[in-house]
Amino acid sequence: MESKKKFFLECYELGIIKFGRFTLKSGIESPFYVDLRPLASDPKILKRLANYLLDMLPLDNFDLICGVPYAALPMATAMSLESYLPLIIKRKEAKEHGTKKLIEGIYKKGQNCLLVEDVITSGKSLLETIPEIEDEGITVSDIVVVLDREQGGKELLEAKGYRVHTLFTISEVCKMLQEEEHLCDEDVLRINDFLRGNQITFKEDVRLTYEQKLEVAEHSVAKKLLETAIAKNSNLIASADVLTTQELLDLADKIGPHIVALKTHIDIITDFDPDTTILPLKDLAVKHNFLLMEDRKFADIGYTQELQFSYGMYKISNWADFVTSHVIGGYESLDCFLNVGVVAILGMSSKGTLTDRNYHEQALKVAQDHPNVIGGVSQKQLPENLLLFTPGISLSDSGDGKGQQYHSPEHAIKNLRTDFIIVGRGIYKSDDAESAALQYKLAGWNAYLAETGKSAR
Ligand code: BMP
């Protein structure tokens, strides 16, 4: 395959980047100007561009593709033709007559749409476009961008939980042009100066450390989790989605030293028995100092949840330190979880989830108000008073072919400001679960240290 550099230089020949002094729409003077529209006038280049962009993506996760008008429209069309992903068209303004639709084409609620953008600067235009698509019941999880001007837009969108894939960055482009003597050292310095001075400043508030969170935490389980994180230098929760007691206990013993909590789906254990499953599990939790998180995802009226929590064969209230619960039953449905922490399901990691922006906002209100809630499961940044738990984490995969969508530990910690990463198959399916757990622990903890300005120990 041709090199990316060779491809870029051919694109450059079409006049897509100009250097000099340009006044941007915002009034700022920029030493370079990017306009990718000429790419659409060269069909061979457009087709190759489409394939470069498609190669970066987990295509299984998308049902639709849409370009942000206008420059990305031909790009999205070319990608649709190359991948057979159905195209939808987003209007700039709604039609004044007829259907008044903003989105044209054939789509269904719940479908996941890949968004294509030519250039990302502040990310503001994408932030305006995405809700217009989401308001139609379509989800947007990934955005693919041809050129990142590196002024903070990518980070802004990633903080909102979108995966942003970029083909080129402006620094990479400058380096290639400098090597080919299209740019002199002085030009590059001027561009770097400009980029340093023109970052959008959305991220000025710094991430709190676990120690700072501990100072303000009110719930005893939140405190215990934070203390454990500090004591073990770990923000890793392992999901033990195994089917037998033996596998569960073996796994817990092996990875126990590296985790803050072990997340169970206790109802998938085929040979469950309170004496042989739960008692030894509790001993291991004490031995290795981790908490037990039962991922029951309650979703009923308060009365029924109370029964499900304390009765039946699993008697979750007897052993779990904290549980997950939907908040679909409303505020009072969470009252029954006395003496445990509740992690509210605000947003799910799977493709086509119904936990869209509106749901997330409403669910968050309930979670923030309820004293039993210590945090939320979400793929988006949460307010500081809630701990954020993020599943859908993998160092190697982007999906599982069954709708799961993965982020890297770094992405979750840096961009979503996750407090605890949740890893399942990445650990228990690995040949060596212990070293996999250590690898995830280090990835999560080092990303946290980097974000809080602490150095790795
Ligand atoms: P894995 O890393 O193997 O994909 O496992 C993820 C775990 O997190 C599973 O136990 C799943 O039930 C849970 N989970 C998730 O994947 N997405 C969510 O939005 C909420 C979850 O609890």
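Remember, it's 1-based here, ligands and their atoms both numbered in the order they're listed. The figures here come from the full heavy-atom set of this structure, side chains too, leaving out hydrogens, waters and symmetry mates. Sequential numbering from 1 along the given sequence is applied to the chain's residues.
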What protein heavy atom sits nearest [atom], and how far off is it?
atom	result
atom 12 (O) of ligand 1	His265 NE2, 3.0 Å
atom 22 (O) of ligand 1	Lys297 NZ, 2.7 Å
atom 6 (C) of ligand 1	Gln404 NE2, 3.8 Å

Which of the numbered atoms in ligand 1 are under 4.0 angstrom from any heavy atom belonging to [X]?
X	value
Tyr406	1 (P), 2 (O), 3 (O), 4 (O)
Ser239	7 (C), 9 (C), 10 (O)
Lys263	7 (C), 8 (O), 9 (C), 10 (O), 13 (C)
Ser349	15 (C), 16 (O), 17 (N), 18 (C), 19 (O)
Arg425	1 (P), 2 (O), 3 (O), 4 (O)

Next on the checklist: In this structure, is the centre-to-centre distance between the rings of Tyr210 and Trp445 below 6.0 Å?
Outcome noted: yes
Next on the checklist: Judged on heavy-atom distance to atom 15 (C) of ligand 1, which of Gly426, Ser350, Pro391, Gly399 sits nearest?
Outcome noted: Pro391
Checklist entry - Testing Trp319, Phe309, Phe272 for ring-ring contact (aromatic ring centres under 6.0 Å, His included) with Tyr314, which one passes? => result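 So the option named by the test is Phe272.
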Checklist entry - Touching ligand 1 at all, Gln379? Heavy atoms, strictly under 4.0 Å? => result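 The answer is no: ligand 1 sits nowhere under 4.0 Å from a heavy atom of Gln379.
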Next on the checklist: Below 3.5 Å, N or O to N or O, backbone or side chain included: is there any such pair between Gly424 and ligand 1?
Outcome noted: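 It does: an N or O of Gly424 is found under 3.5 Å from an N or O of ligand 1.
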Next on the checklist: Geometry only, no angles: is Asp241 polar-contacting ligand 1 at N/O separations under 3.5 Å?
Outcome noted: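 Indeed, backbone or side chain, Asp241 has an N or O that close.
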Checklist entry - Within a radius of less than 6.0 Å around CD of Glu332, do more than 12 heavy atoms belonging to other residues, nucleotides or ligands occur? => result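 At most 12 heavy atoms, drawn from other residues, nucleotides or ligands, come within 6.0 Å of this atom.
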Next on the checklist: If I compare all heavy atoms of Arg207 with all of Arg417, which pair ends up nearest, and what's the gap?
Outcome noted: NH1-CA, 3.3 Å
Checklist entry - Can you name the closest pair of heavy atoms from Val366 and Tyr331 and give their distance? => result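 Answer, listing the atom of Val366 first, then Tyr331: CG1-CA, 3.8 Å.
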Next on the checklist: I need the single residue from Lys232, His288, Glu434 that forms a side-chain hydrogen bond (donor to acceptor under 3.5 Å, both in side chains) with His258. Which is it?
Outcome noted: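 Of the listed residues Lys232, His288, Glu434, the side-chain hydrogen bond (donor to acceptor under 3.5 Å, both in side chains) partner of His258 is Glu434.
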Next on the checklist: So if I apply the side chain to side chain contact (heavy atoms under 4.5 Å, CB included) rule between Val342 and each of Val327, Val221, Asn372, which one comes out positive?
Outcome noted: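 Going through the options one by one, the only one that passes is Asn372.
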Next on the checklist: Could you tell me if the side chain of Leu387 sits less than 4.5 Å from the side chain of Phe420, heavy atoms only?
Outcome noted: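 Phe420 reaches Leu387 side chain to side chain.
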Checklist entry - Is Asp295 touching ligand 1 with its side chain, its backbone, both, or neither, if touching means heavy atoms under 4.0 Å apart? => result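 The answer is the side chain.
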Next on the checklist: Using only atom types and a distance under 3.5 Å, with no angle test, would you say the side chain of Glu128 pairs donor to acceptor with the backbone of Ser125?
Outcome noted: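 Checking the backbone N and O of Ser125 against the side chain of Glu128, no donor-acceptor pair under 3.5 Å is found.
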